[in-house]
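Every heavy atom of this structure was used, including side-chain atoms; hydrogens, water molecules and symmetry mates were not. First the proteins, then the strands, lettered A, B, ... as listed; each starts at 1.
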There are 2 protein chains.
Amino acid sequence: MESRKEVDSLTKWDGSAYVPHVSIDLVIFGFHDGQLKVLLLHWRTGTDWLLPSGFIHHDEDVVDAAHRSLRERTGLQAVFLQQFHTFGEAVRFKHFTKQETMIRLGFPGDTDEPLFRRHVSIGYYALVEFSEVVPTPDQFTDECRWWDVDAVPPLLFDHNDMIKLALKTLRRQLSYQPIGYNLLPEKFTMPELQRLYETILGQPLDRRNFQKRMLSYDILERLEERKTGGAHKAPYLYRFDKAKYDNVLEEGMSFVG
Amino acid sequence: MESRKEVDSLTKWDGSAYVPHVSIDLVIFGFHDGQLKVLLLHWRTGTDWLLPSGFIHHDEDVVDAAHRSLRERTGLQAVFLQQFHTFGEAVRFKHFTKQETMIRLGFPGDTDEPLFRRHVSIGYYALVEFSEVVPTPDQFTDECRWWDVDAVPPLLFDHNDMIKLALKTLRRQLSYQPIGYNLLPEKFTMPELQRLYETILGQPLDRRNFQKRMLSYDILERLEERKTGGAHKAPYLYRFDKAKYDNVLEEGMSFVG
DNA sequence: TATCATTGTGTTAAAAATACGCATTAATAC
DNA sequence: GTATTAATGCGTATTTTTAACACAATGATA
């Protein structure tokens, strides 16, 4: 279905530059139009979508490799990035077998292709500001774009499971930590923040209790401005107090230390 | 300091049988004499202690490799085993540099020794019944024994950090899940269960509120027997209702499903 | 048989989470 | 202009959960 030329360029991947058998997979969440989105890549030779992934240089920390991959796909520097699980199954093919997958991706026959060797993959999820992302494909893909989390198609490998687990982890953390800084623009209204929470948690929240809880964290700063333009009463604009926000996060989520 | 013969036998390790650059580290918790214990190994050629670790066969799931290693160190089959973090720093030496570590462990000079290549390590913690464990060293070690968690010496690599993080994870899970089944003998009293919780959490708990909460989980079965022999009033014996226990755990902690 | 430390089983108070009421406001319709 | 409408700001009850505390019962020891 694809020319040999394209397939050749795919195999130019220099596996020797990376730690073999180890990879990173990224579940990058964004929020737009009242919908939680996830960033997916489209394989050049084929019809399939998958999660952005990355490999680790020999002298590179895994977390740095994750940040690097994230930067390459989004253009963003500092984001909320959290390891959530390591996927260590020997066979990580799900909807298609290894053979089927290799054919679909343009690697017929060559069962020793380094890209398709067994990989232990470390899953990270990221929260990014939708409007600031410049979705950028990598050398294996020709398209990078946002998908609604509840409209994600069957993905390659076990990537659907990864999204599920990342979402589950995000929900748990959201329930007892004031995450959300990285998903919204600098200034936002309380209803907007609430909609974000409702979307991630998948359930409606009481307007008044939500506001009380958010303010109780003492990480929000209310501005004098109000958001005009919409019909009805103009809501106040808020802004995260970065210092206090980081502080709360540090206490609640920090590892080793 | 050690004969060449011993060092040679150490290097007989056949790295080709395993996925390179990936390892497993185990934080095995036990409970005895009102103290939380962790199982450590003593390196044959040297004075240092470290966590039990393992490697992954090419066709083996990581979680299976973890169970296998755990079995080899303890003799136990079914235990509570939970992945808690993957340690991906390029340099994981802490108290000693790589060179110092290699000398201490009897690998002078040979900087290419496969055992000392960079490893991404997947951390698991396990809860086991102290009295049923048969501590067993591996090919690199000459002793395997329990240590009080708060008397653990400086360990090789980043293993002290691993214990810290495993303990933190255990505490968090204990706070909102009825873990403990695997740390106690089949029959136990409520005070014994409470002491276990107090030890892990590191704080005293109210006797009456503790009992109420434990019973509210509806996973304990009170037996007719009482524990005699001790001075004072004889407490009832309890037993976990395995089916209900597994059920609660499944709902609260299951991944990918 | 009295003593003592510990267990079994409550009840009460405080705090947190949840449910709900009503006045205010800014765009829209008339 | 003025009334209407739907959403916001800010408040108060209610329920549920958590934490604090009291007292009788028991079994070995003195």
* Report the nucleotide, chosen from C/dT9, D/dT5, C/dT6, that has the shortest atom-to-atom distance to any side-chain atom of B/Arg222. => C/dT9
Taking only N/O atoms, report every protein-nucleotides 12-18 of chain D pair under 3.5 Å with atom names and distance.
| from | atom 1 | to | atom 2 | distance (Å) |
| --- | --- | --- | --- | --- |
| D/dT12 | O4 | A/Lys212 | NZ | 2.9 |

* Asked: How long is the gap from CG on B/Leu51 to OH on B/Tyr124, to the nearest 0.5 Å?
  -> 15.0 Å
* Between A/Met214 (CE) and D/dC10 (P), how many Å, whole number? -> 17 Å
* How long is the line joining NE2 of A/His232 and C1' of C/dA27, in whole Å? -> 7 Å
* Hey, what do you get for OH (B/Tyr125) to NE2 (B/His85), rounding to the nearest 0.5 Å? -> 15.0 Å
* Asked: With distance as the sole criterion, do the side chain of B/Lys233 and the base of C/dT7 form a donor-acceptor contact below 3.5 Å?
  -> yes
* To do: Can you tell me the distance, in whole Å, between the CG atom of A/Asp206 and the P atom of D/dC10?
  => 16 Å
* Which residue lies more 5' along DNA chain D, comparing A/Gln211 with B/Thr228 via nearest heavy atoms -> A/Gln211
* Asked: Just checking, is any N or O donor in the side chain of A/Asp48 or A/His95 under 3.5 Å from an acceptor N or O on the other one?
  -> no
* salt bridge (Lys or Arg N to Asp or Glu O under 4.0 Å), paired with B/Glu221, selected from B/Arg239, B/Lys187, B/Lys244 -> B/Arg239
* Fit a plane to each ring of B/Phe87 and B/Phe84, take the angle between them on a 0 to 90° scale, and name the class: parallel (under 30°), tilted (30 to 60°) or perpendicular (over 60°). => perpendicular
* To do: Starting at atom CZ of B/Phe210, determine the distance to atom P of D/dA20, rounded to an integer number of angstrom.
  => 16 Å
* To do: Please state how far atom CG in A/Leu201 lies from atom P in C/dA17, giving the value in whole angstrom units.
  => 15 Å
* Asked: Quick one: A/Lys227 NZ to D/dG9 P, roughly how many Å, whole number?
  -> 12 Å
* Report yes if a donor N or O on one partner sits less than 3.5 Å from an acceptor N or O on the other, where the partners are the side chain of B/Arg226 and the base of D/dG27; otherwise report no. => no
* Using the six-membered ring wherever Trp is involved, compare the ring planes of A/Phe93 and A/Phe157 and label them parallel, tilted or perpendicular (cut-offs 30° and 60°). => tilted
* Asked: 5'-most contact on DNA chain D: A/Tyr238 or B/Ala231, nearest heavy atom basis?
  -> A/Tyr238
* Rounded interatomic separation in angstrom, taking CE from B/Met190 and C1' from C/dG8 -> 11 Å
* Where does the angle between the aromatic ring planes of B/Phe188 and B/Phe240 fall among parallel (under 30°), tilted (30 to 60°) and perpendicular (over 60°)? -> tilted
* Asked: Separation of A/Arg207 atom CZ from D/dT8 atom P, in whole Å?
  -> 7 Å
